[in-house]
Structures are given as structure tokens and as C-alpha cells.
A.B. asks: 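Below are the C-alpha cells for one structure; questions will follow.
Quick caveat, the model's predicted, so the values are computed rather than measured. When reading the values below, keep in mind they use all heavy atoms of this one structure, side chains included, and skip hydrogens, waters and symmetry mates.
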Amino acid sequence: MGAPKQRWTSEEEAALRAGIARHGVGKWRTILKDPEFSSTLCYRSNVDLKDKWRNMNVIVSTSSSRDKAKSALKRIRTIPKNNEHTMAITRVTSDIDDEIVDEKPIVSLPSEAKNTSSSKKSHRLDNIIMEAIKNLNEPTGSHRTTIANYIEEQYWPPSDFDHLLSAKLKDLSTSGKLIKMA
DNA sequence: ATAGGGGTAACA
DNA sequence: TGTTACCCCTAT
């Protein structure tokens, strides 16, 4: 008799997404050991995380198509293999680990900008960025790569998203909507 | 340890 | 009914 069944709470899902944003997809054990998430995910195993992530990426079957197949089989989002733009996801963690490469613009929210309800429902990139940083909730600010990873997990940004994000981050910090940490 | 195919009881 | 949390298995 296994566990009765505990449905995932929104807190747990948020912790999982944030954990993936920090450590990358597939680093389930690392996410579990992260003191930031271990408390909320303490009842979950690394396999649970893997399975949950799989369930979260299921395409809702609108049944509009003639699905003669078994109903329990669902389609996973087909990840477009954009030629040279290979895996942004797996690249991020190594960037953080190595801590090499160019400037690391760390960005943080002004203390006033935590107003969740004020931002419109619009999915303008600005709002997405702000939401990402807010949800990441990293006290020391967030790396550009961490932000990019987080956003890429939730939306489906264009292939040149890295460049877009960099430009937008610069705008936001110049206009004072974001604080650039040294 | 992780990825992924596949199954199923227990949910809504 | 369709969805989903959990399980089992195999390959890497």
C-alpha cells in the first residue's frame, strides 16, 4: 500500500518550478536538497518530481482530433530543435557552476515593485521578467541566465530570446524598474 | 541518479 | 469519463 495520494499543492508546484529554474531540469535530487525547497517538498521524492514535471508538460487533449488511441496516453510538448541554438536549459547550470564567462548582471526588484495585482494580465515581456524575478525571490538578486531559464520553463520564447532578454534587462535597469547589483 | 516508456488506482 | 499521482521497469 503506497501513499494514499496527495495532490500537488500550488506551493509545491511553485517550489518545483523555482527549483528547476535554479538547478535546471533533471536535477531533482539537487532541488530536493536545496534548503529553500526541501521544506515544502519534503514529502516528495526525486522520482515524484520527475513524474510531476512530466504531468505538468502534458498537452491538454482537446479531443478535437479523432483520438482513437488510448485516452490515457498524452502528448508531450514537442520541443523544437532549433539548430545552433541548442539547449538553453542544460547550459545554464554549467554557466552557474563554472561562474566563468562575461559580466554577470545581477538584477533585483525595487522594494515597492512587489505589487502582484497591479501588473496587467498582459504578457508583455516586461511583466514576464518582473514576475520571474519576483517568483525566483532570490535575496541577492537573479542572474540573467537564471531569469532566462525560469521564463523558458513557463513560456515558449523565440529562439533569439537571450538577446531579447538582455536588451530588455538593460532597459529596465536604465529606467529604474530594476536594480542592477554590482 | 536520471530519462522515459508504460501501467493503473484514485482522484475530479 | 478524463486527469493525475504513483508505481514498475529498463537503459544510460
A.B. asks: Is it the case that one hydrophobic cluster holds both A:Val47 and A:Ile20, taking links as side-chain heavy atoms less than 4.5 Å apart, direct or via other members?
C.D. replies: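 Not linked; separate clusters.
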A.B. asks: If I compare all heavy atoms of A:Thr146 with all of A:Ala21, which pair ends up nearest, and what's the gap?
C.D. replies: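 Smallest heavy-atom distance, with atoms named: CG2-O, 3.8 Å.
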A.B. asks: Specify the separation, in whole Å, of atom OH of A:Tyr43 and atom C1' of C:dC6.
C.D. replies: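 Taking OH of A:Tyr43 and C1' of C:dC6, I get 18 Å after rounding.
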A.B. asks: Taking for each residue the nucleotide of DNA chain B with the nearest heavy atom, is it A:Asp51 or A:Trp28 whose nucleotide lies nearer the 5' end?
C.D. replies: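 First, find each residue's nearest nucleotide; the 5'-ward one identifies A:Trp28.
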A.B. asks: Tell me: CG of A:Leu32 to P of B:dT2, nearest whole Å?
C.D. replies: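 Going from A:Leu32 (CG) to B:dT2 (P), I get 8 Å.
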A.B. asks: Quick one: A:Leu49 CG to B:dA1 P, roughly how many Å, whole number?
C.D. replies: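 So the CG-P distance, A:Leu49 to B:dA1, works out to 13 Å.
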A.B. asks: Consider the side chain of A:Asn55, meaning its heavy atoms from C-beta on, and name the nucleotide among C:dA5, B:dT2, B:dG5 that approaches it most closely.
C.D. replies: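 Selected nucleotide (nearest to the side chain): C:dA5.
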A.B. asks: Working note: A:Asp48 + A:Ser45, criterion side-chain hydrogen bond (donor to acceptor under 3.5 Å, both in side chains); need CA distance, chi angles, decisive distance, verdict.
C.D. replies: CA-CA 5 Å; A:Asp48 289 334; A:Ser45 70; 3.1 Å; yes
A.B. asks: Just the rounded figure in Å: distance from C1' of C:dC6 to CH2 of A:Trp53.
C.D. replies: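 Taking CH2 of A:Trp53 and C1' of C:dC6, I get 19 Å after rounding.
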A.B. asks: Counting heavy atoms from C-beta on, name the nucleotide in C:dA5, C:dC7, B:dA3 closest to the side chain of A:Trp8.
C.D. replies: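 Comparing C:dA5, C:dC7, B:dA3 against the side chain of A:Trp8, the answer is C:dA5.
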A.B. asks: Measure from NE2 on A:His23 to P on B:dA1 and round the result to the nearest Å.
C.D. replies: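 Result: 16 Å.
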A.B. asks: Pick the nucleotide of DNA chain C nearest each of A:Ser45 and A:Arg7; which residue has the one closer to the 5' end?
C.D. replies: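 Comparing both residues, the 5'-ward one is A:Arg7.
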A.B. asks: Take the protein atom NZ of A:Lys50 and the nucleotide atom P of B:dA1, then report the distance between them rounded to whole Å.
C.D. replies: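 The distance from NZ of A:Lys50 to P of B:dA1 comes to 13 Å, rounded to the nearest Å.
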A.B. asks: Send over the distance from A:Asp48 CG to B:dA3 P, rounded to a whole Å.
C.D. replies: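 One finds 14 Å between P of B:dA3 and CG of A:Asp48, rounded.
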A.B. asks: Calculate the interatomic distance between A:Lys5 atom NZ and B:dT8 atom C1'; express it in whole Å.
C.D. replies: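 Distance, rounded to whole Å: 9 Å.
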A.B. asks: Looking only at side-chain N and O atoms, does A:Arg54 come under 4.0 Å of OP1 or OP2 in B:dG5?
C.D. replies: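 For B:dG5, neither OP1 nor OP2 has a side-chain N or O of A:Arg54 closer than 4.0 Å.
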A.B. asks: For residues A:Asn46 and A:Leu32, report the shortest heavy-atom separation together with the two atoms involved.
C.D. replies: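 Smallest interatomic distance, heavy atoms only, reads N-CD1, 3.3 Å.
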A.B. asks: Would you mind classifying the nucleic acid contact of A:Lys52 as base, sugar-phosphate or nothing, using non-hydrogen atoms under 4.0 angstrom?
C.D. replies: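 Result for A:Lys52 = sugar-phosphate.
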A.B. asks: Can you tell if the side chain of A:Leu16 reaches within under 4.5 Å of the side chain of A:Glu12, non-hydrogen atoms only?
C.D. replies: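 Counting from C-beta outward, A:Leu16 and A:Glu12 never come under 4.5 Å.
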